[in-house]
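Okay, structure first, notes after.
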There are 2 protein chains.
Amino acid sequence: MSNYDRSRTIVTTHEKGDRVPTAPAARTLDHPEPGEITLEGVLHALSDPMRLQIVRFLWPLEQDEEAPCSAIDLAITKSTTTHHFRVLREAGVIRQVYRGTAKMNALRRGDLDALFPGLLDAILTADAARRGREDRLARSPA
Amino acid sequence: MSNYDRSRTIVTTHEKGDRVPTAPAARTLDHPEPGEITLEGVLHALSDPMRLQIVRFLWPLEQDEEAPCSAIDLAITKSTTTHHFRVLREAGVIRQVYRGTAKMNALRRGDLDALFPGLLDAILTADAARRGREDRLARSPA
DNA sequence: ACGTTCATACGATAAACGACGTACTACGAT
DNA sequence: ATCGTAGTACGTCGTTTATCGTATGAACGT
């Protein structure tokens with residue numbers, strides 16, 4: 001289940017002579033190959049309000065521009081945030097990479113557009129339109 | 001297939017007085033108003049393989065053309081089929097109406113296109129492309 | 001060495017989900 | 001009246017999900 005690279009974390013037992021975590025070997029994260037990305041998986045990943053909010057945040061960024069997890073203000077705890085980012089990554093929607101102490105996130109726009117042309121834009125445009133409607137409703141006299 | 005006789009459709013409300021006991025107020029089904037349809041709900045409804053298969057079946061039909069539940073051959077039992085159709089209906093993806101002993105289904109194409117322009121086509125085109133890829137892979141020499 | 005910051009792992013929990021079987025209803029035809 | 005067909009209601013079962021809290025780890029400054 002966890003794609004976290006445990007090659008080094010396992011070593012909590014400093015048994016003196018066994019694997020010592022002297023070579024951090026840059027934490028890596030598993031991402032699905034384009035061929036492993038499924039439409040159902042992507043749709044499911046985007047069917048959660050929090051995750052949609054994350055993608056909405058990432059969407060306007062330049063191609064491959066990255067943002068740390070903490071850049072997005074979600075009304076959930078940090079551990080739940082981690083969970084949602086992982087779901088998005090495992091579905092192939094975002095790419096995550098460690099940069100120092102932060103974990104940067106970027107939409108896998110190229111891969112998704114190649115696999116499902118127009119899908120991402122249709123979803124996010126639809127979402128933007130929906131939000132526009134709701135805002136207008138909220139502002140209109142009751 | 002698709003030649004359903006609509007000549008005896010609507011008339012469940014008999015003129016005579018009010019609700020005639022023989023006509024138990026024509027079973028009706030609740031559908032969300034366009035304003036109640038959410039993007040998350042639609043995405044969630046379409047993120048299941050069986051439901052995607054249902055929509056894929058309904059998609060090529062003419063505008064508002066209907067098909068009974070039984071027209072689609074799903075590898076699940078009847079009760080599970082009922083469940084999936086209900087999820088689609090409650091998400092606003094399809095419209096269901098009783099016609100005699102059958103329950104007819106149609107995509108709510110107009111409503112969906114108005115709310116989320118391009119979304120349905122993007123999803124189903126993406127799905128078709130994906131299936132094309134998989135078929136090619138399956139046929140290629142191992 | 002120490003503390004701060006960012007993010008994870010783990011464990012718990014309550015809810016939702018997908019699937020099933022059985023018993024049932026509604027409608028139309030025999 | 002009875003039967004078959006189409007679909008529902010309900011209860012169950014096992015899995016997944018979304019959320020949390022707490023403890024932990026990794027990188028960076030001081």
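Reminder, nothing fancy here: chain letters follow the sequence lines and each chain counts from 1. Heavy atoms only: backbone and side chains are in, while hydrogens, waters and symmetry mates are out.
We find that B:Asp30 and B:Arg89 are not joined by a salt bridge, their nearest charged nitrogen and carboxylate oxygen being 4.0 Å or further apart. Taking the charged nitrogens against the carboxylate oxygens, A:Arg130 and B:Glu40 do have a contact shorter than 4.0 Å, which makes a salt bridge.
For the OP1/OP2 pair of D:dC20 and a distance below 4.0 Å, the side-chain nitrogens and oxygens of A:Thr80 include at least one atom meeting the criterion.
Closest of all the heavy-atom pairs between A:Gln96 and A:His31 is N-NE2, 2.8 Å. The minimum heavy-atom distance between B:Val97 and B:Glu66, with the atom names listed, is CG1-OE2, 3.5 Å.
Note on A:Arg51: only backbone sugar-phosphate atoms sit closer than 4.0 angstrom, heavy atoms only; bases stay farther off.
Side-chain proximity of B:Tyr98 to C:dT5, C:dA7, D:dG7: nearest is D:dG7. Of the candidate nucleotides C:dC20, C:dT5, C:dA7, C:dC20 has the atom nearest to the side chain of B:Ile76. The side chain of A:Ser70 lies closest to C:dA7, out of C:dC20, D:dA6, C:dA7. Here the side chain of A:Ser79 is nearest to one of D:dT22, D:dA6, C:dA7, namely D:dT22.
Scanning residues 82-94 of chain B for heavy-atom distances under 4.0 Å to DNA chain C yields B:His83, B:His84.
Residue B:Met104 contributes atom CE, which lies 16 Å from atom P of C:dC27 at whole-angstrom precision. In this structure, B:Leu74 atom CG and C:dC20 atom P are separated by 11 Å, rounded to whole Å. As rounded to whole Å, 13 Å separates atom P of D:dA6 from atom CG of B:Asp73. As rounded to whole Å, 15 Å separates atom P of D:dT24 from atom NZ of A:Lys78. Between the CD atom of B:Gln96 and the C1' atom of D:dA6 there is a distance of 13 Å, given to the nearest Å. Spacing between atom CG of B:Leu46 and atom P of C:dC17 amounts to 14 Å, rounded to whole angstrom units.
Sequence order on DNA chain D of the closest nucleotides to A:Arg99 and A:Met50 puts A:Met50 first from the 5' end. Each of A:Thr77 and A:Gly100 lies near DNA chain D, and the nucleotide nearest A:Thr77 is the one positioned closer to the 5' end.
Side-chain contact check for B:Thr80 and B:Thr77: at least one donor-acceptor pair (N or O, by modelled atom type) lies under 3.5 Å. Looking only at atom types and distance, the side chain of A:Trp59 has no donor-acceptor partner in the side chain of A:Asp127 under 3.5 Å away.
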Derivation and outcome, side chain to side chain contact (heavy atoms under 4.5 Å, CB included), residues A:Val87 and A:Val93: CA-CA 9 Å; A:Val87 172; A:Val93 177; over 6 Å; no

